[in-house]
Amino acid sequence: MLSFIDTHCHLDAPEFTADRDAVVARAQAAGVQTLVVPAITAGTLDLTLAMRRAYGCPLALGLHPIYVDQHDTAALTTLRARVEQEMPVAIGEIGLDFFVDGLDRERQLEVFRAQLKLALEFDLPVLLHVRRAQDEVLRELRRYRPRAGIAHAFNGSRQQADAFIKLGFKLGFGGAMTFERALNLRRHAVELPLESIVLETDAPDISPEWAYKQRNEPAYLPRIATVLAELRQIDIATVAAQTSENARQVLGPVAITKPMAASLPQ
Ligand SMILES: [Zn+2]
């Protein structure tokens, strides 16, 4: 069976509270061997850490720009202590969101910079959230130079994609690529080097076309990979192997999810 890495799955989200074991079991049954779980706030770090204890998920620890109002100095101090104690595979989910109204841009920049410094201090890659802020994020990356990372849910121009790749980044398109009208993403999916692409679901958000307006889940990853394979007219085994290799290049030799009991409901 082919094996896949979901490089961005919010398994700790409340949407999965009722049936998380079954969600993980379905992902494993579909060949998704590794779920990388990114944190979002200091207040929910314990929940994120529980995903590693329960399922063996590799973690990214960080403060998400959407929740910038919660990221005070104490939150950054808590984050640093947790990174030091827990040794995540990356700092994330961090970045800039200039799309959502009412988020303090200056504070976003301060929190982003503090976390880029953290990535340098612990020599970790970064998982990036970038919305309407591609050039601003690129500018900070050129300034701080984290050693590698993933631009998650990428939807910038070709020029911006090339700039991320030049800085050692991989790009994730996720389920958004499965929509026929996603012309920009589909062009990237075909034209960018396969060596620069990773797979992700962003579950429970950004559902693929076949689960539109429903909860997204990591078991959909192989079908997202199939769309990528069809767009590039290559076989799915090549997509599985190369995207997993790309993820390991950035994140290191990530753990495989603990096997769930076979008796769990599918
Ligand atoms: Zn996310």
Side-chain angles (χ1 to χ4, degrees), residues 4-17 20 23-24 27 32 34-52 55 57-71 75 79 82-83 88-100 103 108 111-112 115-116 119 124-134 137 146 148-156 164 169-178 182 185 197-208 211 214-221 224 243 247 250-251 254:
F4 300 88
I5 298 176
D6 186 347
T7 59
H8 200 108
C9 176
H10 294 282
L11 188 64
D12 54 351
E15 285 89 337
F16 293 124
T17 303
R20 197 171 278 117
V23 167
V24 173
V32 186
T34 299
L35 308 175
V36 180
V37 180
I40 53 170
T41 65
T44 52
L45 284 175
D46 284 339
L47 265 174
T48 309
L49 286 158
M51 299 302 109
R52 188 169 66 187
Y55 307 109
C57 298
L59 307 178
L61 298 184
L63 308 178
H64 192 299
I66 293 260
Y67 306 100
V68 64
D69 291 350
Q70 299 178 40
H71 306 333
L79 175 66
R82 287 307 185 87
V83 168
V89 297
I91 300 295
E93 172 173 2
I94 67 173
L96 298 174
D97 194 313
F98 290 175
F99 173 74
V100 175
L103 301 178
Q108 283 193 59
V111 173
F112 184 38
Q115 295 184 95
L116 288 172
L124 288 168
V126 292
L127 293 194
L128 296 181
H129 171 104
V130 189
R131 259 211 301 188
R132 294 266 172 93
Q134 310 280 345
V137 165
I150 293 170
H152 135 76
F154 180 81
N155 197 3
F164 275 106
F169 277 69
K170 312 290 183 195
L171 308 173
F173 307 121
M177 179 183 62
T178 62
L185 280 188
I197 297 173
V198 292
L199 298 177
E200 62 174 45
T201 60
D202 199 26
D205 303 319
I206 318 190
S207 294
Q214 296 163 39
R215 184 183 71 173
N216 190 10
E217 64 169 82
Y220 296 149
L221 194 74
I224 292 172
T243 56
V250 172
L251 302 171
V254 285

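Just so you know, these numbers come straight off a predicted model, no measurement behind them. In each ligand, atom 1 is the first atom listed, and ligand 1 is the first ligand listed. Sequential numbering from 1 along the given sequence is applied to the chain's residues.
- Residue contacts to the Zn ion (ligand 1): Asp205 brings no N, O or S atom closer than 2.8 Å.
- Looking only at N/O/S atoms, Glu93 comes nearest to the Zn ion (ligand 1) through OE1.
- Residue His8 counts as close to the Zn ion (ligand 1), with an N, O or S atom under 2.8 Å.
- Inter-residue side-chain proximity for Thr201 and His8 is flagged as unmet; no heavy-atom pair is nearer than 4.5 Å.
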Practice problem: In sequence, state the C-alpha distance, the side-chain angles, and the governing distance for Val23 and Leu11, and then conclude on side-chain contact (heavy atoms from CB on, under 4.5 Å). | Solution: CA-CA 9 Å; Val23 167; Leu11 188 64; 4.2 Å; yes
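- Taking the side chain as every heavy atom from C-beta outward, Val89 and Leu59 never approach each other to under 4.5 Å.
- Classification of Asp12 and Arg52 as a salt-bridged pair fails, no side-chain N sitting under 4.0 Å from a carboxylate O.
- Summary: OD1 is the N/O/S atom of Asp202 found nearest to the Zn ion (ligand 1).
- Because the distance cut-off is set at 2.8 Å, His129 fails to qualify as a neighbour of the Zn ion (ligand 1), as none of its N, O or S atoms comes that close.
- The minimum heavy-atom distance between Pro208 and Thr178, with the atom names listed, is CA-OG1, 3.4 Å.
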